[in-house]
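Structure first, commentary second.
Predicted model, so just to flag it, every value in this text is computed and none were measured. Naming convention: chains lettered A, B, ... in sequence-line order (proteins, then strands); numbering from 1 in each chain.
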2 protein chains.
Amino acid sequence: MKIGIVGSGAIGLYYGALLQNAGQEVAFLMRSDLEKAKKTGIRVVSGTGELHLSEVQVSGEASEIGICDLVIVSIKATANSILENVLPPLVGQETKLLTLQNGLGNDRLLAELFPRNQIFGGLCFVCLNRTAPAVVENFMPGSVSIGPEKAENGEAAKELVALFSEAGVKTRFEPNLQLVQWKKLVWNVPFNGLAVAAGGVTTDVIVGSESLCEEARGLMREIIAAAEALGFEFQEGFVEYQIKLTRGMTAYRPSSMIDYVEGRPVEVEAIWGEPLRQAEAAGVAMPKLEMLYAILKQICRR
Amino acid sequence: MKIGIVGSGAIGLYYGALLQNAGQEVAFLMRSDLEKAKKTGIRVVSGTGELHLSEVQVSGEASEIGICDLVIVSIKATANSILENVLPPLVGQETKLLTLQNGLGNDRLLAELFPRNQIFGGLCFVCLNRTAPAVVENFMPGSVSIGPEKAENGEAAKELVALFSEAGVKTRFEPNLQLVQWKKLVWNVPFNGLAVAAGGVTTDVIVGSESLCEEARGLMREIIAAAEALGFEFQEGFVEYQIKLTRGMTAYRPSSMIDYVEGRPVEVEAIWGEPLRQAEAAGVAMPKLEMLYAILKQICRR
């Protein structure tokens with residue numbers, strides 16, 4: 001299968017490398033890491049060892065790659081506006097598109113750009129950092145949940161689950177993609193958000209401060225209330241489960257916090273803006289998220 | 001009248017200088033500005049000219065000043081814990097105490113420390129900056145509202161109003177001190193708070209951003225709801241009046257924002273913590289203020 005990776009940051013490098021290693025034909029569309037990857041290939045470092053792909057197909061132009069069977073979109077959602085120019089050379093009638101991005105609205109955007117293609121979303125529960133050009137480090141292999149943007153494409157989503165599983169990734173089929181997106185937001189909204197708004201702190205600072213931890217709970221309750229108003233169900237005790245999970249992470253740096261302290265764009269609209277707008281449209285008040293969003297929008301202006 | 005000024009920042013320098021200029025005996029208790037004031041006196045700069053007091057009674061120790069007729073407390077509320085050690089040498093049986101500090105809880109603290117003395121509070125609606133040691137600059141003379149901590153001391157409060165008026169300050173008698181404190185909080189909570197939380201911005205940025213301005217309105221509504229639950233009345237349209245007033249200030253730097261960007265302690269408890277606790281005790285939910293307070297508490301840790 002010919003797979004195009006659009007956006008070769010931590011997520012794109014990591015899953016692309018694993019897929020190539022499992023025998024797929026993978027073409028990486030890159031900008032900043034291009035020269036380095038051409039010279040030295042791509043390196044995946046993890047606690048259990050290192051995977052080095054010395055021969056990689058890397059390119060700075062989508063037209064050099066051409067039509068793919070599968071396109072994986074792993075750019076930051078803040079750069080989504082480039083997709084309408086970047087994707088067309090990669091997408092034929094049969095091309096499937098899979099977004100592995102944070103937040104809400106990414107799969108819908110792809111569906112708008114390519115209404116006749118099958119669109120899928122994947123949520124990556126993983127700890128990855130791109131530590132140098134064309135080098136990605138994995139701290140926790142975690143899992144990926146993949147589901148279809150349209151329910152009728154469930155069987156095709158299962159084929160993608162098999163593809164990732166064969167590459168050694170623990171992967172789950174998720175019939176209801178939006179439910180998983182909202183579940184991931186229950187963590188991302190408070191912990192990415194407060195980590196940035198509180199000045200660039202790690203998760204242990206948030207769960208270690210009585211008032212910040214209480215605000216994290218309040219934000220989670222707002223997200224769950226919105227998701228429930230939209231028809232999704234959450235199990236009892238989900239909020240406290242997230243707090244407990246986060247205490248176990250000790251001093252974790254959420255991705256938005258890293259982007260913020262390193263001066264890169266933060267995915268403010270995908271993670272905070274879009275859920276707020278969807279909740280408002282569903283008539284759910286989110287006073288805490290509104291406050292956090294307004295502050296983030298201001299401090300993340302570059 | 002012998003007046004002791006405890007805390008010779010912008011507020012203490014300014015009103016102390018005006019009172020001395022009007023013929024009162026004023027003793028300034030100082031720390032950082034002491035040597036400069038001893039050498040060159042105190043200077044008040046304003047648009048209409050300059051007042052220079054070359055001979056000033058300044059001191060680093062309260063015991064050198066002794067018992068006063070009136071003690072004016074104008075330290076930052078963040079330093080209130082020093083008052084129980086600093087004030088006793090200044091306070092006799094007949095001494096009146098006037099706090100010119102921001103936020104809630106300052107007059108109550110003085111009443112706890114000196115239950116037999118008359119306590120007053122003053123709210124300064126003024127634009128002042130201490131621009132150098134022993135130099136204060138006035139950008140807008142504004143007004144002071146003075147009222148008694150206990151209703152029975154209304155007449156004595158009127159004498160203080162007369163004292164300030166004779167010194168050239170536009171001064172109002174305020175029978176209900178707490179109402180004025182809450183009214184000032186309607187402005188201070190959103191504008192000092194968002195100016196800090198949004199990264200150290202001026203007021204024009206807040207009223208110029210649709211989402212920050214909407215959050216300012218939401219915070220004002222929470223403060224007014226809390227104050228109303230506590231029995232205070234607000235006129236219709238007070239929120240929009242504050243927004244309009246703030247638009248007129250153009251790029252104003254609220255005092256907490258200056259403290260924050262200059263690395264000094266911010267009055268987090270007096271301005272955000274105490275109103276929140278009083279509202280909670282009155283059963284009023286303040287979800288936005290809770291969020292803002294949690295963020296401020298974290299980013300203002302020094």
Side-chain angles (χ1 to χ4, degrees), chain A residues 189-223 225-226 257 260-261 263 266 268-269 272-274 276-277 279-280 284-302, chain B residues 189-223 225-226 257 260-261 263 266 268-269 272-274 276-277 279-280 284-302:
Chain A
V189 163
F191 289 103
N192 280 277
L194 293 172
V196 172
V201 300
T202 44
T203 52
D204 56 326
V205 172
I206 298 168
V207 291
S209 146
E210 201 184 320
S211 42
L212 285 175
C213 191
E214 202 45 45
E215 291 315 296
R217 287 188 176 95
L219 287 164
M220 288 194 250
R221 280 185 218 110
E222 288 185 359
I223 291 286
M257 182 278 237
Y260 173 70
V261 298
V266 175
V268 174
E269 292 310 320
W272 298 277
E274 189 56 27
L276 184 58
R277 287 184 285 271
E280 268 174 6
V284 178
M286 299 176 109
K288 288 180 188 291
L289 177 51
E290 275 175 358
M291 174 63 63
L292 182 61
Y293 171 61
I295 291 170
L296 291 173
K297 226 162 66 159
Q298 177 63 34
I299 64 177
C300 296
R301 281 157 57 115
R302 304 286 180 195
Chain B
V189 162
F191 289 103
N192 280 275
L194 293 172
V196 171
V201 299
T202 44
T203 50
D204 56 325
V205 173
I206 298 168
V207 290
S209 146
E210 202 185 321
S211 40
L212 285 175
C213 191
E214 202 43 46
E215 292 315 297
R217 287 188 176 95
L219 287 164
M220 288 194 249
R221 280 185 218 110
E222 288 186 359
I223 291 286
M257 181 277 236
Y260 173 70
V261 299
V266 175
V268 174
E269 293 309 322
W272 299 276
E274 189 56 26
L276 184 58
R277 288 185 285 272
E280 269 174 6
V284 178
M286 299 176 110
K288 288 180 189 291
L289 177 52
E290 275 174 0
M291 174 63 63
L292 182 60
Y293 170 61
I295 290 170
L296 290 173
K297 226 161 68 158
Q298 178 63 35
I299 63 177
C300 296
R301 283 159 54 116
R302 303 288 178 189

Side chain / backbone / both / neither for A/L219 at chain B, heavy atoms under 4.5 Å
side chain
For A/K288, is it the side chain, the backbone, both or neither that has a heavy atom under 4.5 Å from a heavy atom of chain B?
both
Any side-chain heavy atom of A/V201 sitting closer than 4.5 Å to one from B/I299?
no
Pairwise side-chain contact, A/M291 with B/L194, heavy-atom cut-off 4.5 Å (strictly under)
yes
Heaviest contributor of heavy-atom pairs below 4.5 Å to chain B, chosen from A/P287, A/G199, A/G218, is A/P287
With a 4.5 angstrom heavy-atom cut-off, is it the side chain or the backbone of A/L212 that approaches chain B, or both, or neither?
both
Closest-packed option against chain B by number of heavy-atom pairs under 4.5 Å, given A/E215, A/E290, A/E214
A/E215
